[in-house]
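Single-structure report; data block below.
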Amino acid sequence: MFKDSTLIKVNPLPDSRINSTGPFCVDAGIKTITPTTSGGGIFYGGNYIDSTGKFNPAKASIGLNKVFYTLKDANQCRSKDSILIRVNKLPDASINSAGPFCIDAGIQTITAKVNTNGKFYGGAFIDSSGKFNPKIASAGSHKIYYYFKDANSCSSFDSTSITVNPLPDASITAAGPFCIDA
């Protein structure tokens, strides 16, 4: 009886794990997704990711987006991994319409439509809480802005113009003197 033996080498799979990343705001710009080890693999999953790992939140869906990475090593062993990347929407920073106001109307409160914990800005005529002073603003159109940042660190802003009207001219033209029998 003859016996023979041979050694068979079993190669391990390459490390195709993806580094955890995100969440991103939808307007965050292009982000680079990276594998845990460099190795020349390919990313894929949708039009929001290119083969080199450039992730575009603006092209992704709000919510979770799946990204895959596949890697083939020199031994032709292939491995694949995937992660979910969250994309958060921008908060609503819209402003309720206001005005026009007369220049002597006193302090007016400008308000946000939805998210009320933001900051107003635009000039000395408005404070961060939305108190608008028509007298300081003076007659004319004045642009104000509202900035809001949510719990996801996503932010947006809105602007509106507020008109301040001058007081009407109530002066009286001098008359007289008159004769008693005029």
Shortest non-hydrogen contact from [X] toward [Y]:
X: Ser159; Y: Lys143; answer: OG-CE, 3.2 Å
X: Thr52; Y: Asp50; answer: OG1-OD1, 2.8 Å
X: Ser161; Y: Ser141; answer: CB-OG, 3.6 Å
X: Pro35; Y: Phe43; answer: CD-CZ, 3.8 Å
X: Asn88; Y: Pro23; answer: ND2-CB, 3.6 Å
X: Cys25; Y: Leu90; answer: CB-CD2, 4.4 Å

In terms of heavy-atom contacts, does CZ of Phe101 have more than 12 from other residues, nucleotides or ligands at under 6.0 Å?
yes
Grouping I, L, V, M, F, W and Y whenever their side-chain heavy atoms are under 4.5 Å apart, do [X] and [Y] come out in a common cluster?
X: Ile49; Y: Val26; value: yes
X: Phe68; Y: Phe24; value: no
X: Ile83; Y: Tyr48; value: yes
X: Leu64; Y: Ile18; value: no
X: Ile103; Y: Ile162; value: yes

Inter-residue atom distance [X].[atom1] - [Y].[atom2], 0.5 Å rounding:
X: Tyr121; Y: Ile126; atom1: OH; atom2: CD1; result: 11.0 Å
X: Asp27; Y: Cys154; atom1: CG; atom2: SG; result: 7.0 Å
X: Asn133; Y: Ile107; atom1: CG; atom2: CD1; result: 3.5 Å
X: Ser51; Y: Tyr44; atom1: OG; atom2: OH; result: 12.5 Å
X: Lys66; Y: Ser61; atom1: NZ; atom2: OG; result: 14.5 Å
X: Ile85; Y: Ile33; atom1: CD1; atom2: CD1; result: 3.5 Å

Report yes if the side chains of [X] and [Y] come closer than 4.5 Å at any heavy-atom pair, otherwise no.
X: Thr32; Y: Lys54; answer: yes
X: Cys77; Y: Pro12; answer: no
X: Val67; Y: Asn65; answer: no
X: Ile110; Y: Asn96; answer: no
X: Asn115; Y: Asn117; answer: no
X: Asn19; Y: Tyr69; answer: no

Could you check whether Thr109 and Lys131, counting side-chain N and O atoms only, form a donor-acceptor pair closer than 3.5 Å?
yes
Short question: side chain of Ser79, backbone of Pro14 - any donor-acceptor pair under 3.5 Å?
yes
Phe120 vs Tyr146 aromatic rings, parallel, tilted or perpendicular, using cut-offs 30° and 60°?
tilted
What is the ring orientation for Phe132 with Phe125, classed by angle as parallel under 30°, tilted 30 to 60°, or perpendicular over 60°?
perpendicular
